[in-house]
Peer 1: 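The structure follows.
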Amino acid sequence: PVDALLKYADQIDLALIMTVYPGKGGQSFIEAMMEKVKTLRAAYPNLDIEVDGGVKPNTVDMAAKAGANLIVSGSGVYKADDMAFNISTMQRSIEQYGCGKKDEELSPLISDGESTKST
C-alpha cells in the first residue's frame with residue numbers, strides 16, 4: 001500500500017509504482033494504480049515518481065496527468081511499428097503533464113528514419 005511508503009517518502013530519491021504485475025512483459029496497464037501516483041504527488045510535489053508496466057502512447061497521458069514524471073516502457077517501444085515516434089510521443093506527454101512544460105518547450109515528435117541532428 002502507498003500509505004506504507006508515505007512515511008518514508010522524504011528519505012527517498014524516487015518512488016516506483018508498478019502498473020502491471022511484475023514478472024512478464026507485455027501486460028496491460030493497471031489504471032487503478034494511478035490513485036497511488038496521485039496520492040504521492042499530492043503529498044510530495046517534488047518527488048520523482050516513476051511508473052513501470054503497460055506504458056504506451058495510449059496510457060502515458062494517464063500516468064503523467066496523475067503525477068508521474070518518469071516512465072519505463074518495454075513493449076511500448078520495442079513492439080512498436082515506429083519506435084522513435086512512440087518514444088517521442090511518450091517523452092512529450094511526460095514533459096507536458098508530468099513536468100509542466102509549455103507546448104513551445106516540448107521535444108519534437110520524430111519518426112523512424114528521421115534525423116534529430118541538425119547539420
Side-chain angles (χ1 to χ4, degrees):
V2 76
D3 293 337
L5 180 61
L6 283 173
K7 62 184 175 180
Y8 302 106
D10 61 339
Q11 300 175 42
I12 62 174
D13 295 320
L14 173 126
L16 171 64
I17 303 296
M18 294 300 298
T19 47
V20 295
Y21 298 104
K24 183 181 177 201
Q27 295 179 57
S28 296
F29 184 84
I30 302 172
E31 186 176 343
M33 296 299 104
M34 293 305 94
E35 286 305 313
K36 293 181 180 188
V37 174
K38 290 176 185 176
T39 299
L40 282 169
R41 180 58 64 219
Y44 293 91
N46 297 316
L47 180 67
D48 281 332
I49 302 172
E50 180 176 65
V51 294
D52 181 355
V55 181
K56 298 176 180 173
N58 66 330
T59 58
V60 70
D61 284 358
M62 195 180 328
K65 288 176 180 178
N69 62 328
L70 300 168
I71 61 166
V72 175
S73 181
S75 60
V77 173
Y78 292 104
K79 291 187 178 181
D81 291 331
D82 188 334
M83 290 171 45
F85 182 77
N86 278 17
I87 291 168
S88 63
T89 297
M90 292 186 285
Q91 180 178 7
R92 287 172 60 93
S93 177
I94 292 298
E95 289 173 347
Q96 182 176 18
Y97 302 118
C99 299
K101 287 188 176 183
K102 297 177 182 161
D103 287 345
E104 60 273 8
E105 300 172 312
L106 300 178
S107 298
L109 283 173
I110 59 172
S111 292
D112 287 341
E114 290 182 19
S115 174
T116 58
K117 296 180 182 178
S118 56
T119 55

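Nothing here was measured: the structure is a model prediction, and the numbers come from that model.
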Peer 1: If the condition is side chain to side chain contact (heavy atoms under 4.5 Å, CB included), which residues does Gln96 pass it with, not counting sequence neighbours?
Peer 2: Asp103, Leu106
Peer 1: With rounding to the nearest 0.5 angstrom, report the CD to CD1 distance, Gln91 to Ile110.
Peer 2: 8.0 Å
Peer 1: Please list, one pair per line, the donor and acceptor atoms closer than 3.5 Å that link side chains of residues 1-12 to other protein atoms, with sequence neighbours excluded.
Peer 2:
none

Peer 1: Check for a donor-acceptor pair, side chain of Asn69 on one end and backbone N or O of Cys99 on the other, with a separation under 3.5 Å.
Peer 2: no
Peer 1: Applying salt bridge (Lys or Arg N to Asp or Glu O under 4.0 Å) as the test, list every pair that has at least one member in residues 28-55; sequence neighbours left out.
Peer 2: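 Of all non-adjacent pairs touching residues 28-55, those that pass salt bridge (Lys or Arg N to Asp or Glu O under 4.0 Å) are Glu35-Lys38.
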Peer 1: What's the spacing between Leu40 CG and Ile17 CD1 if we round to 0.5 Å?
Peer 2: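 Result: 5.0 Å between the selected atoms.
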Peer 1: Residues two or more places apart in sequence or in another chain: which of them pass side chain to side chain contact (heavy atoms under 4.5 Å, CB included) with Gln27?
Peer 2: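 Per chain and number, Gln27 pairs via side chain to side chain contact (heavy atoms under 4.5 Å, CB included) with Val20, Tyr21, Lys24.
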Peer 1: Locate the shortest heavy-atom distance separating Ala84 from Asp112; write the atom from each residue and the value.
Peer 2: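 Closest pair (atom of Ala84, atom of Asp112, distance): N-OD1, 2.9 Å.
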Peer 1: Check side chain to side chain contact (heavy atoms under 4.5 Å, CB included) between Ala68 and all other residues, then give those that pass, not counting sequence neighbours.
Peer 2: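 Side chain to side chain contact (heavy atoms under 4.5 Å, CB included) check on Ala68 returns Val37, Val51, Ala63.
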Peer 1: How would you list, by chain and number, every residue that makes a side chain to side chain donor-acceptor pair (under 3.5 Å) with Ser93, sequence neighbours excluded?
Peer 2: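 Counting only residues at least two positions away or on another chain, Ser93 forms a side chain to side chain donor-acceptor pair (under 3.5 Å) with Asp61.
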Peer 1: Taking only residues two or more places apart in sequence or in another chain, which ones pass side chain to side chain contact (heavy atoms under 4.5 Å, CB included) with Glu104?
Peer 2: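 Expected list: Lys102.
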Peer 1: Remaining members of Phe85's ILVMFWY cluster at a side-chain heavy-atom cut-off under 4.5 Å?
Peer 2: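 Members alongside Phe85: Leu109.
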Peer 1: So, do Glu105 and Glu95 sit near enough that their side-chain heavy atoms are less than 4.5 Å apart?
Peer 2: no
Peer 1: Look up atom CZ in Arg92 and atom OH in Tyr97, then write down how far apart they are to the nearest 0.5 Å.
Peer 2: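 With rounding to 0.5 Å, CZ (Arg92) is 10.0 Å from OH (Tyr97).
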Peer 1: Look at the side chain of Ser73 and the backbone N and O of Val55, then say whether any donor-acceptor pair between them is shorter than 3.5 Å.
Peer 2: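 It does hold such a pair.
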Peer 1: Indicate the atoms forming the closest heavy-atom contact of Gly76 with Ala80, along with that distance.
Peer 2: O-CB, 3.8 Å
Peer 1: Between atom CD1 of Ile94 and atom CE of Met90, what is the distance when rounded to the nearest 0.5 Å?
Peer 2: 9.5 Å
Peer 1: So, the side chain of Thr89 versus the backbone of Pro57: is there a donor-acceptor pair under 3.5 Å, distance only?
Peer 2: no
Peer 1: Less than 4.5 Å apart, any side-chain heavy atom of Leu14 and any of Leu70?
Peer 2: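 They are in contact (side-chain heavy atoms under 4.5 Å apart), so the answer is yes.
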Peer 1: Show the numbers, then the answer: is there a side-chain contact (heavy atoms from CB on, under 4.5 Å) between Met33 and Met18?
Peer 2: CA-CA 8 Å; Met33 296 299 104; Met18 294 300 298; over 6 Å; no
Peer 1: Could you note down all residue pairs passing side-chain hydrogen bond (donor to acceptor under 3.5 Å, both in side chains) where residues 74-86 supplies at least one of them, sequence neighbours left out?
Peer 2: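 Applying side-chain hydrogen bond (donor to acceptor under 3.5 Å, both in side chains) to every pair that reaches into residues 74-86, excluding sequence neighbours, yields Asp82-Ser111.
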Peer 1: Of all heavy-atom pairs between Thr59 and Gly54, which one has the smallest distance, and what is that distance?
Peer 2: OG1-O, 2.9 Å
